[in-house]
2 protein chains.
Amino acid sequence: MVDLPPFSSNFILHWGEMGTKWGVNRTVAQIHALLFISEEPLNAEDICNRLGVARSNVSNSLKELQNWGIVNVIHLSGDRRDHFESVKDVYELFRIIITERKKREIDPTLRNLRKSAEEAGQTNDINDSYAKGQLEELLGFFEMVSDFYNQMDKMPTKSAVKIIGMGDKIAKTLGGFGK
Amino acid sequence: MVDLPPFSSNFILHWGEMGTKWGVNRTVAQIHALLFISEEPLNAEDICNRLGVARSNVSNSLKELQNWGIVNVIHLSGDRRDHFESVKDVYELFRIIITERKKREIDPTLRNLRKSAEEAGQTNDINDSYAKGQLEELLGFFEMVSDFYNQMDKMPTKSAVKIIGMGDKIAKTLGGFGK
DNA sequence: CGGTTGTTTCCGTTAAGAGAGAAATCAAAA
DNA sequence: TTTTGATTTCTCTCTTAACGGAAACAACCG
């Protein structure tokens with residue numbers, strides 16, 4: 001971890017570690033952490049040197065970060081090399097991540113549940129009716145979550161933040177109805 | 001996949017597959033899926049037979065599901081064997097999962113960010129000020145998310161559901177402010 | 001054309017995790 | 001105490017992912 005203050009390396013290492021728990025590989029998360037706290041865009045060479053990882057690894061990791069949509073290519077005048085920068089706004093960053101995770105982790109299940117529920121609907125075996133009901137419950141839940149995500153995604157970031165931040169007030173208002 | 005209607009095996013297999021994307025192993029997710037759609041509690045032997053996996057694997061997986069808090073032991077009269085049942089209410093199920101994931105995936109980062117931000121606060125090197133600011137932004141975001149989770153957790157399930165379900169209406173109300 | 005940059009694709013190594021099976025251990029009921 | 005069920009531990013295998021290095025390739029520019 002060359003040329004970085006201790007608190008930065010600490011953060012980068014931790015972010016890499018957590019990355020593995022979030023389903024992205026360590027290097028990918030580290031590179032993202034580095035770019036996120038870098039004021040200027042960095043080129044691939046810079047990243048290699050700072051993190052001490054192989055060039056090919058950096059190249060592939062950058063590609064994955066671009067697939068996620070949280071890292072963009074920047075061209076500096078007078079320099080032919082690609083430079084990379086992370087989405088810098090935290091709210092925007094997580095909006096993208098959440099949308100992407102929904103696409104990968106929710107939508108396939110939603111499709112499968114719809115299919116399963118449909119198939120289940122065609123059987124009338126009394127033994128299967130409980131399973132059928134549970135699948136329908138699950139499907140309903142996933143539909144709801146999916147709708148919620150879609151609405152948050154359409155919303156301007158600030159409104160979404162406001163909803164999250166106002167969680168307690170909304171809860172109090174609605175609490176009476178929910179009981 | 002013995003003694004199960006096609007839509008059930010389909011669901012169990014898919015849930016197992018998605019489990020790997022959610023960070024739990026395949027067998028653990030499959031067992032959970034099986035228990036979730038089973039009306040009666042199953043014993044370890046049953047699970048072995050239905051899913052065709054090793055007994056030890058079932059034992060360890062059940063333990064992990066109990067650690068997550070989404071599977072409980074049940075004792076049936078006249079049967080000394082442990083029986084297992086999943087949390088059956090979908091909303092309750094995901095409330096538990098989300099709380100648990102927060103504990104594993106958010107809280108450690110929150111702690112680390114607090115530490116990093118504190119360390120960063122002590123340096124006055126002008127070169128580090130951007131990184132410092134980004135870390136503070138990130139910390140603020142994680143604090144907000146954490147608070148939101150805590151509030152949802154304290155809330156009766158129905159209120160939480162109501163907030164999620166009313167996402168669009170709340171968005172419309174707040175939309176004007178957010179723009 | 002030669003030099004630089006970037007991507008892609010191999011290959012080989014290493015590390016980590018999942019999974020199965022066997023045996024030892026433990027606990028409680030009969 | 002004996003028996004049954006459950007957990008724990010250990011070992012072994014298999015698979016996957018990560019990683020680095022090297023080379024091939026394409027694109028571009030001077």
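Just so we're on the same page: letters track the sequence lines, and every chain starts at 1. Every heavy atom of this structure was used, including side-chain atoms; hydrogens, water molecules and symmetry mates were not.
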Can you measure B:L62 atom CG to D:dT7 atom P for me and round it to whole angstrom units? 7 Å

Within the 4.0 Å heavy-atom criterion, would you say A:R81 contacts the bases, only the backbone, or no part of the nucleic acid? sugar-phosphate

Starting at the 5' end of DNA chain D, which residue's closest nucleotide do you reach first, B:F84 or B:R80? B:R80

What pair of heavy atoms forms the shortest contact from A:A29 to A:G16, and how long is it? CB-CA, 3.7 Å

Return yes if a side-chain donor-acceptor contact under 3.5 Å exists between A:N112 and B:N10, otherwise no. yes

Is B:S59 near enough to D:dT7 that one of its side-chain N or O atoms lies under 4.0 angstrom from OP1 or OP2? yes

Take the protein atom NZ of A:K21 and the nucleotide atom P of D:dA17, then report the distance between them rounded to whole Å. 20 Å

A:H75 (side chain) donor-acceptor with A:V73 (main chain) under 3.5 angstrom: no

A:K63 side-chain N/O to C:dG6 phosphate OP1/OP2 under 4.0 Å: no

Treat each ILVMFWY residue as a node, draw an edge where side-chain heavy atoms are under 4.5 Å apart, and state whether A:Y130 and B:I12 are in one component. no

Between B:W22 (side chain only) and A:E105 (backbone N and O only), is there a donor and an acceptor less than 3.5 Å apart? yes

Taking CD from B:E64 and C1' from D:dT8, how many angstroms apart are they, rounded to a whole number? 16 Å

Calculate the interatomic distance between B:D46 atom CG and D:dA6 atom C1'; express it in whole Å. 15 Å

Take the protein atom NE2 of A:H75 and the nucleotide atom C1' of C:dT5, then report the distance between them rounded to whole Å. 11 Å

Spacing between A:L51 atom CG and D:dA18 atom P, to the nearest angstrom: 16 Å

Return yes if some donor-acceptor pair links the side-chain N/O of A:S38 with the main-chain N/O of A:L34 below 3.5 Å, else return no. yes

Atom-pair distance (CG on A:D82; P on C:dT4), nearest Å: 17 Å

Which atom pairs link the protein and nucleotides 14-23 of chain C when you take only N or O atoms and keep those under 3.5 Å?
{"residue": "C:dG19", "atom": "OP1", "partner": "B:T27", "partner atom": "OG1", "Å": "3.1"}
{"residue": "C:dG19", "atom": "OP2", "partner": "B:N25", "partner atom": "OD1", "Å": "2.5"}
{"residue": "C:dG19", "atom": "OP2", "partner": "B:N25", "partner atom": "ND2", "Å": "3.3"}
{"residue": "C:dG19", "atom": "OP2", "partner": "B:T27", "partner atom": "OG1", "Å": "3.1"}
{"residue": "C:dG19", "atom": "O5'", "partner": "B:T27", "partner atom": "OG1", "Å": "3.4"}
{"residue": "C:dA20", "atom": "OP2", "partner": "B:N57", "partner atom": "ND2", "Å": "2.2"}
{"residue": "C:dG21", "atom": "N7", "partner": "B:S56", "partner atom": "OG", "Å": "2.9"}

Give the minimum heavy-atom separation between A:V87 and A:L93, together with the two atoms involved. CG1-N, 3.8 Å

Starting from P on D:dT4, measure out to CG on B:D79 and report it in whole angstrom. 14 Å

